[in-house]
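Comments concern the structure below.
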Amino acid sequence: MGHWLMKSEPQTFGIDDLARQPHKTDHWDGIRNYQARNYIRDKMRVGDLAFFYHSNCANPGIVGIIKITRAAYPDLTAWDPNEKYFDPKSNPDDPRWFMVDVKLVRKLKRVISLHELKQHKALQDMSLLRRGNRLSIMPLTHKQWNYIVKLETN
DNA sequence: GCCAACGTTGGC
DNA sequence: GCCAACGTTGGC
């Protein structure tokens with residue numbers, strides 16, 4: 001089973017927005033970066049777990065755990081001119097962008113902040129913490145995943 | 001195919 | 001709002 005970290009801006013789509021959806025499930029659209037696209041399209045599997053990360057906000061950090069419930073399928077918002085992430089160059093016959101469905105497993109008891117994550121030597125290789133890395137979808141090792149889960153109750 | 005300009009991300 | 005990092009675009 002794979003482990004991931006997925007970033008979203010809470011003012012756009014936060015963990016409480018996901019919690020409000022029917023079955024606490026929604027599609028994760030708007031990925032418009034090729035590296036992130038390749039991860040979800042080629043590596044992400046149904047049943048994989050991911051951390052829900054709030055970015056670009058007052059207290060950036062990990063706020064919950066979600067599960068992948070549907071493997072990558074074309075991101076329909078790429079073809080809708082009214083959508084923020086409309087991409088006129090994406091051809092419906094050869095979809096450029098993909099999305100997955102995710103279900104909220106649970107919110108964490110507390111936010112594990114970016115600041116806190118940076119304090120841990122064991123996590124220094126996480127791409128989230130590497131200088132200049134702005135990927136919105138990134139894989140975690142089992143070790144990193146388990147380490148972070150334990151931080152929740154520290 | 002190079003590379004400068006430009007746009008976006010995201011922490012601060 | 002600033003700015004560093006870096007991906008994309010487009011002229012040549």
Side-chain angles (χ1 to χ4, degrees), chain A residues 2-21 26-44 48-68 71-102 104-141 143-145 147-152 154:
Chain A
H3 295 102
W4 303 91
L5 183 142
M6 301 172 73
K7 294 183 188 173
S8 185
E9 303 188 5
Q11 58 268 44
T12 305
F13 185 79
I15 192 152
D16 291 326
D17 296 308
L18 179 59
R20 274 194 293 274
Q21 302 304 312
D26 207 349
H27 48 267
W28 195 280
D29 62 26
I31 296 168
R32 296 291 182 271
N33 167 282
Y34 288 101
Q35 203 178 343
R37 192 264 329 255
N38 293 345
Y39 278 135
I40 70 157
R41 189 189 59 186
D42 305 334
K43 307 283 187 204
M44 217 175 238
D48 284 0
L49 293 175
F51 287 126
F52 195 126
Y53 179 92
H54 280 173
S55 66
N56 199 19
C57 57
N59 186 24
I62 293 169
V63 294
I65 294 174
I66 57 183
K67 181 187 282 200
I68 310 305
Y73 59 105
D75 184 341
L76 304 173
T77 66
W79 299 315
D80 182 348
N82 298 316
E83 287 283 347
K84 181 181 174 195
Y85 293 108
F86 173 59
D87 178 3
K89 291 181 180 166
S90 180
N91 175 359
D93 295 327
D94 181 21
R96 178 182 295 196
W97 305 115
F98 290 79
M99 58 187 177
V100 294
D101 286 353
V102 301
L104 179 64
V105 175
R106 64 184 180 86
K107 283 177 74 167
L108 296 191
K109 297 180 186 74
R110 64 185 188 86
V111 177
I112 302 175
S113 68
L114 176 62
H115 177 79
E116 178 178 351
L117 293 168
K118 284 179 177 170
Q119 311 305 313
H120 294 271
K121 261 240 151 81
L123 300 175
Q124 64 185 2
D125 293 333
M126 259 178 87
S127 26
L128 178 74
L129 305 182
R130 285 210 301 267
R131 189 179 172 79
N133 194 296
R134 292 160 303 147
L135 257 190
S136 60
I137 308 278
M138 66 190 73
L140 299 184
T141 66
K143 238 182 167 171
Q144 290 165 341
W145 177 272
Y147 189 92
I148 293 169
V149 168
K150 279 183 199 149
L151 290 182
E152 182 188 11
N154 274 0

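Order of the sequence lines fixes the chain letters, A, B, ..., with proteins taken first and strands second; residue numbering starts at 1 for each chain.
Checked against the 6.0 Å centroid criterion, the rings of Tyr85(A) and Trp79(A) do not qualify as a close aromatic pair.
Distance, Glu9(A) CD to dG10(B) P: 7 Å, rounded to whole Å. In this structure, the CG atom of Leu128(A) is 15 Å from the C1' atom of dC12(B), given to the nearest Å. Across the protein-nucleic acid pair, Ile137(A) atom CD1 and dT9(B) atom P stand 13 Å apart, rounded to whole Å. Rounded to a whole Å, the CZ atom of Arg131(A) is 11 Å from the P atom of dC12(B). The nearest whole Å value for the distance from the CG atom in Asn38(A) to the C1' atom in dG7(C) is 13 Å. Here dG7(C) presents its P atom at 14 Å from CZ of Arg37(A), a figure rounded to the nearest Å. Remark: C1' of dG10(B) and CG of Asn59(A) are 14 Å apart, rounded to the nearest angstrom. Atom CG of Asn56(A) is separated from atom P of dA4(C) by 17 Å (rounded to the nearest Å).
Within the 4.0 Å cut-off from OP1 or OP2 of dC12(B), at least one side-chain nitrogen or oxygen of Lys118(A) is found. When the side-chain nitrogen and oxygen atoms of Lys7(A) are compared with OP1 and OP2 of dG10(B), one or more of them lie within a distance under 4.0 Å. The phosphate of dG11(B) has OP1 or OP2 within less than 4.0 Å of a side-chain N or O from Tyr53(A).
Each of Asn33(A), Thr77(A), Asp87(A) was scored for a side chain to side chain donor-acceptor pair (under 3.5 Å) with Trp97(A), with one residue passing: Asp87(A).
Residues Phe86(A) and Asp80(A) approach most closely at CB-O, 3.2 Å, considering heavy atoms.
Met6(A) CE to Asp48(A) CG: the interatomic distance, rounded to the nearest 0.5 Å, is 10.0 Å.
In the set dG10(B), dT8(C), dG11(B), the nucleotide with an atom closest to the side chain of Leu114(A) is dG11(B). Listed nucleotides: dG11(B), dG10(B), dG7(C). Nearest to the side chain of Asn33(A): dG7(C).
Defined by atom type and a distance below 3.5 Å, a donor-acceptor pair is missing between the side-chain atoms of Arg32(A) and Ser90(A).
Among the heavy atoms of the strands, none lies under 4.0 Å from Arg32(A).
One donor-acceptor pair, N or O on each side, does fall under 3.5 Å between the base of dT8(B) and the side chain of Arg134(A).
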